[in-house]
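Numbers here are sequence positions counted from 1. Every heavy atom of this structure was used, including side-chain atoms; hydrogens, water molecules and symmetry mates were not.
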Amino acid sequence: MENTSYTICRQLVALCLSHGVRRVVLSPGSRNAPLLVAFAREKAIEHHVVVDERVAGFIALGMATRSGEPVALVCTSGTALLNYAPAVAEAYYRHVPLIVISADRPDEWIDQDDSQTIRQQGVLGAFVKQSYHLPAHTDDTSLWYARRLINDALLQAQTPCSAPVHINVPLGGSLCEVTDVAPEKPVCIEDMRPVQQLSPADAARLALTISGTRKVMILATMAAPSPVLQEALSLLAKLPQVVVLTESIANMHDDAFIPTIDRVLTVIDNSEKSDFAPQLLITLGGAPVSRMVKEFLRQYTPAQHWRIGCESHVIDTMQSLTRRLPMDAASLFAQIVPLCKPATSCYAVRWSDREIVATALHNRVVDTAPWCDLRAFASLSAAIPPDTVLHLSNGTSIRYAQLFDTPQVAASYCNRGVSGIDGSTSTALGASMVDDAMHLLITGDMSFGYDTGALATGLATPRFKIVVIDNGGGGIFRFIKGPSDLPELEECFEVKHRQPIEGYAHLHGFRYFHAGSEDTLKDVLPQFFAESEQPAILAITTPNEVNATVLRHYMRRARE
């Protein structure tokens, strides 16, 4: 069987396969030709070719996030590798296993004015779990060393806490040479880790604390869907002293949960916030979206705060941490929930009653508001078909989503690791490539324009749909305290020209829909979701100045 003549590249691919890599995103180049050939000829690994490395990185991020499996990235030497940085940083803070593989010049040619040559070793060091530089030689000792490094990289990416790794591969000589070779069977080093368990004494101690505390709040933020964790939290939420708050991308749904945190917090007066504050706070998941809940919990400090997660360092977002529990949340709750007892408390009822008030006021504001982002999100959220996978860009999209409950969706995702607007479309596109569900991205016009390279890949299917909230660009800055008060708001923060959304759609083979009012939106949504021949883009045009006014009114609605 013909394959690249570079043994290290063949063995790298074979080890990727052995360690569970089933997908790779390749970006063309000459220095990485041996890697491209080796991956393309391994039919057990699905490969996709994306020219733009920044887009490729986010597509791989979406694939890995949705599949829960490691995904490899392959680029050529030089600045190609630097273009992966935004996606790799996002993956690092979201614990997503990306295997970044870069071709490089041999060491002796670095800093020698050779083309496409930069100092690649460790260049992503701040955003990967570990960096590896393979040997350039192919003697027996060098090959053993290369296999050891590759095994270590692939193990580190996935255990005990997933994260990106970088493998730098120096290549010289005849890069496109192929030869007849037998299939590679390098030794795959297996990593067996025991299941994490609390000691019976520790489990009993934690359960006793929950049972003896009158006000227990569980705050669930960004996480992948977990039926086991959902069941455990549903059982805890039955206790009168426990309230479970979930963000839109926590992927937890139960009638007993509070799924619209910001909606409820806006109708709690300052004079009564201490009654709603927890004595014991338990946090799990990624970075919180809600600024309101962070401000609330930082101001009304709980006596105890437990953080559950596999991170190797202390995360104290609420400035009140008293206990780290570095283990899987589902495993931990499965141990302690059966031991928890109800306390004499009305804490859960207090939150539930306030949610009813908040929902009534929410509906009143939405129903009486003029055409704006808020009304558009109300119509859109209600119309999303069941079992859709929902993706949200940063900025207004994820923040409006916090105000609406969408239990019908299969899962919700957003790039909240570092919360950038770059790569939202590419990430959603990558996720859509690993299953047969409908994937819907709701994005702003600035975020959409930032990542139109995703549309040019030709990888979108009719199951991939995009809604662009076309509000003139930078609408969130009219609401955020600080930019909204500056005279430079319109000049430096907002993008005044409208994105040519229809032009992008036609150029890249998407069917285009448009709505500029509530009536047209309700008419077009069924057609948009029913489109089955092409991927589709729906642009929803809203008035920039009105949006901020309505949202400010919404946030102070309980006092009017």
Side-chain angles (χ1 to χ4, degrees), residues 95 159-162 192-247 250-258 274-286 288 293 297-298 300-352:
H95 310 295
T159 57
C161 191
S162 298
M192 299 185 70
R193 293 180 178 266
V195 176
Q196 289 181 314
Q197 291 285 318
L198 292 169
S199 70
D202 283 342
R205 187 155 58 100
L206 295 179
L208 184 63
T209 301
I210 292 174
S211 302
T213 304
R214 292 183 299 104
K215 298 194 297 180
V216 180
M217 177 185 290
I218 298 174
L219 175 61
T221 53
M222 177 175 58
S226 170
V228 175
L229 179 58
Q230 163 119 6
E231 182 180 358
L233 293 183
S234 294
L235 290 172
L236 273 178
K238 295 181 185 298
L239 299 177
Q241 73 270 33
V242 176
V243 62
V244 178
L245 275 56
T246 62
E247 294 204 300
N251 289 302
M252 295 285 160
H253 300 284
D254 189 284
D255 289 343
F257 298 168
I258 306 293
S274 60
D275 294 331
F276 286 84
Q279 296 166 328
L280 168 61
L281 171 66
I282 303 173
T283 56
L284 55 138
V293 80
L297 292 171
R298 287 170 183 169
Y300 297 91
T301 306
Q304 295 189 66
H305 175 193
W306 303 348
R307 165 72 186 174
I308 306 172
C310 66
E311 302 90 2
S312 59
H313 60 284
V314 169
I315 295 179
D316 188 14
T317 309
M318 308 307 171
Q319 300 176 304
S320 59
L321 191 66
T322 58
R323 174 173 285 141
R324 278 185 67 220
L325 295 161
M327 61 183 293
D328 175 65
S331 300
L332 184 146
F333 282 120
Q335 279 189 266
I336 66 174
V337 167
L339 306 176
C340 293
K341 306 297 182 184
T344 302
S345 173
C346 58
Y347 190 56
V349 170
R350 182 180 295 128
W351 274 92
S352 179

Subject >> Reported CG-to-CZ distance for the pair Leu198 and Arg205, which is rounded to 0.5 angstrom >> reply: 9.5 Å
Subject >> Exam field: side chain Tyr347 to backbone Phe276, donor-acceptor pair closer than 3.5 Å >> reply: yes
Original post:
Distance-only, no hydrogens or angles: does the Gln196 side chain make a donor-acceptor pair with backbone N or O of Pro326 under 3.5 Å?
Top reply: yes
Original post:
Is there a donor-acceptor pair closer than 3.5 Å between any side-chain N or O of Asn251 and the backbone N or O of Ala224?
Top reply: no
**OP:** Could you tell me whether the side chain of Ser352 and the main chain of Ala348 form a donor-acceptor pair under 3.5 Å?
**Re:** no
Original post:
Any side-chain heavy-atom pair from Pro288 and Met318 closer than 4.5 angstrom?
Top reply: yes
Original post:
Which atom pair, heavy atoms only, marks the closest approach of Thr301 to Ser320?
Top reply: CG2-CB, 3.5 Å
Subject >> Closest non-hydrogen atom pair, Pro240 against Ala343 >> reply: CG-O, 3.2 Å
Original post:
Looking at CG of Leu321 and CZ of Arg307, how far apart are the two atoms once the value is rounded to the nearest 0.5 Å?
Top reply: 9.0 Å
Original post:
In a check of side chain to side chain contact (heavy atoms under 4.5 Å, CB included) between Leu332 and each of Leu284, Ile308, Asp202, which one passes?
Top reply: Ile308
Original post:
Would you say Met252 and Val244 make side-chain contact, with heavy atoms under 4.5 Å?
Top reply: no
Original post:
Going from NE2 on His305 to CG on Leu297, what distance comes out if it is rounded to the nearest 0.5 angstrom?
Top reply: 8.0 Å
**OP:** Taking atom CD of Glu231 as the centre, report whether more than 12 heavy atoms of other residues, nucleotides or ligands fall under 6.0 Å from it.
**Re:** no
Subject >> Other residues, nucleotides, ligands: >12 heavy atoms within 6.0 Å of Arg298 CZ >> reply: yes
Subject >> Pairwise distance CD(Gln230) to CZ(Phe257) - rounded to 0.5 angstrom >> reply: 5.5 Å
Subject >> Any side-chain heavy-atom pair of Val216 and Leu239 under 4.5 Å >> reply: no
Original post:
Taking all non-hydrogen atoms of both residues, which atom of Gln241 and which atom of Ser345 are closest, and how far apart?
Top reply: CA-OG, 3.6 Å
Original post:
Can you tell me how far CD1 of Ile218 sits from CD1 of Ile210, rounded to the nearest 0.5 angstrom?
Top reply: 6.5 Å
Original post:
Which distance, rounded to the nearest 0.5 Å, do you find between the CG of Leu206 and the CG of Leu325?
Top reply: 6.0 Å
Original post:
If only atom types and distance count, is the side chain of Glu311 paired as donor or acceptor with the main-chain N or O of Cys161 below 3.5 Å?
Top reply: no
**OP:** Indicate yes or no for a side-chain donor-acceptor contact from Gln279 to the backbone of Arg214 under 3.5 Å, with no hydrogens or angles considered.
**Re:** yes
Subject >> From CA spacing to verdict: side-chain contact (heavy atoms from CB on, under 4.5 Å), Thr322, Trp306 >> reply: CA-CA 6 Å; Thr322 58; Trp306 303 348; 4.1 Å; yes
**OP:** Evaluate the side-chain proximity of Thr283 to Thr221: yes if any heavy-atom separation is below 4.5 Å, no if none is.
**Re:** no
Original post:
What heavy-atom pair brings Ala256 and Asp254 nearest, and what distance separates the two atoms?
Top reply: N-OD1, 2.8 Å
